[in-house]
Protein chains: 2
Amino acid sequence: MVYMKNCEDLAFPQEIKKTKQREEIFRILSEETEPVSAVDIYNRLAQTCGNSNFAISTVYRALGIFEEKGYVSKSTLMGGDMAYYEWNYGTHKHYAICLKCHKLIALKKCPFEHMKIETENDNFMITGHKLELYGYCKECRIEDEDI
Amino acid sequence: MVYMKNCEDLAFPQEIKKTKQREEIFRILSEETEPVSAVDIYNRLAQTCGNSNFAISTVYRALGIFEEKGYVSKSTLMGGDMAYYEWNYGTHKHYAICLKCHKLIALKKCPFEHMKIETENDNFMITGHKLELYGYCKECRIEDEDI
DNA sequence: GTCTGTGCAAAACTTTTGCACGGCA
DNA sequence: TGCCGTGCAAAAGTTTTGCACAGAC
């Protein structure tokens with residue numbers, strides 16, 4: 001995990017070789033406040049750089065490197081079949097996902113920060129976790145009073 | 001969510017039409033104590049019933065129905081690209097996943113049972129959640145002292 | 001007959017891989 | 001030269017879909 005003092009410190013990681021493509025992918029990830037899929041990134045590249053010389057495999061490969069070095073975290077939202085990627089700003093984030101409109105709402109803080117969790121035999125060393133909440137956002141509850 | 005008093009109550013759900021294929025899929029799910037993939041189920045069907053007349057699409061369709069009615073929960077473990085399915089015994093389960101040997105270890109209880117979680121605008125109605133823990137199990141820590 | 005579930009094959013979709021080329025030290 | 005990243009196409013793997021048929025009511 002890479003820790004930074006604040007968002008202004010955000011820069012392309014030194015340990016990863018810079019290329020035009022990786023810089024663009026980094027820019028998109030760093031501008032984004034929500035997890036994005038590889039295809040999202042690819043489409044956004046097509047918009048900004050013309051539908052020119054970017055390959056989807058380049059996106060996957062760059063994301064793979066970023067993830068391997070701990071700069072990006074990968075997750076599968078809503079048990080879906082596509083992976084979403086998000087730049088790691090030191091502290092991780094969790095989301096609540098509206099079951100109706102699929103909007104993501106960030107949690108104020110990680111509920112596990114100071115929590116002790118017991119596994120079956122109490123002999124598991126926990127190093128990380130993933131959490132997703134499901135439910136209904138304010139707007140969807142107002143629209144549909146059954147909820 | 002379907003609540004049952006205990007495991008002996010476990011029976012094929014009345015609201016779903018019984019077929020030979022669905023009963024077999026149900027049996028495999030109910031015998032299994034860990035999440036299984038559609039392909040796992042398919043292979044186990046091939047073993048028990050001969051490699052005869054079962055189609056993988058039948059497995060997916062049955063799982064889809066079970067999930068839709070709330071009897072089965074689907075998840076993607078370890079950010080992988082395959083979905084795993086598990087029969088819902090009323091109370092849900094969480095797992096700790098060993099990053100080395102990939103073994104699953106069940107949590108003693110859900111850490112969210114009585115927890116209040118705040119979202120950004122405090123206007124989200126939480127109805128469910130998914131949690132995965134990562135780390136190292138006892139055996140893998142002993143084998144590899146670096147951990 | 002009607003309805004629903006199924007097997008089979010094909011398609012769709014996400015992700016990975018092989019390979020040749022291009023840029024750069 | 002050697003190395004690494006890339007584009008392109010093809011492949012792999014998971015999941016879905018179309019269609020005709022079989023079985024139940």
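Just so it is clear, the model here is predicted, and its values are computed rather than measured.
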Could you tell me how far apart [X] ([atom1]) and [N] ([atom2]) are, to the nearest whole angstrom?
X: B:Glu68; N: D:dT15; atom1: CD; atom2: P; value: 18 Å
X: A:Tyr42; N: C:dC13; atom1: OH; atom2: C1'; value: 15 Å
X: B:Ile41; N: D:dT15; atom1: CD1; atom2: P; value: 11 Å
X: B:Asn43; N: D:dG13; atom1: CG; atom2: P; value: 13 Å
X: B:Arg22; N: D:dA24; atom1: CZ; atom2: C1'; value: 13 Å
X: A:Phe26; N: D:dG5; atom1: CZ; atom2: C1'; value: 19 Å
X: B:Glu23; N: C:dG5; atom1: CD; atom2: P; value: 14 Å
X: A:Tyr84; N: C:dC13; atom1: OH; atom2: C1'; value: 13 Å

Indicate yes or no: does A:Lys74 engage A:Glu86 in a salt bridge with an N to O separation below 4.0 Å.
->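 Looking at A:Lys74 and A:Glu86, the cut-off is not met.
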Please name all residues satisfying ring pair (Phe, Tyr, Trp, His ring centres under 6.0 Å) with B:Tyr60, sequence neighbours left out, ordered by chain then number.
-> none
Nearest 0.5 Å, what's the OH-OG distance between B:Tyr85 and B:Ser75?
-> 9.5 Å
When the nearest nucleotide of DNA chain C is assigned to B:Lys20 and to A:Met82 on a heavy-atom basis, which residue is associated with the more 5' position?
->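 Its nearest nucleotide being more 5', the pick is B:Lys20.
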Under 4.0 angstrom between A:Ser37 side-chain N/O and C:dT14 OP1 or OP2 | no
Reckon A:Thr58 has a side-chain N or O less than 4.0 Å from the OP1 or OP2 of D:dG5?
-> no
With a 6.0 Å cut-off on ring centres, are A:His129 and B:His94 close enough?
->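 No, the ring of A:His129 stays outside the 6.0 Å limit from the ring of B:His94, centre to centre.
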Any chance the rings of A:Phe12 and A:Phe26 have centres within less than 6.0 Å?
-> yes
Neighbour count >12 (heavy atoms, 6.0 Å) for atom CD, B:Glu31 =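 For B:Glu31, atom CD is crowded (more than 12 foreign heavy atoms under 6.0 Å).
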If a protein heavy atom is under 4.0 Å from the base, mark B; if only from the sugar-phosphate, S; if neither, -; do that for nucleotides 16-25 of chain C going 5' to 3'.
-> BBB-------
Show your reasoning for whether salt bridge (Lys or Arg N to Asp or Glu O under 4.0 Å) applies to A:Arg27 and A:Glu24.
-> CA-CA 5 Å; A:Arg27 185 183 54 74; A:Glu24 282 298 308; 2.7 Å; yes
Out of C:dT6, D:dT6, D:dT15, which has the shortest distance to the side chain of A:Gln21?
->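 Of C:dT6, D:dT6, D:dT15, D:dT6 is nearest to the side chain of A:Gln21.
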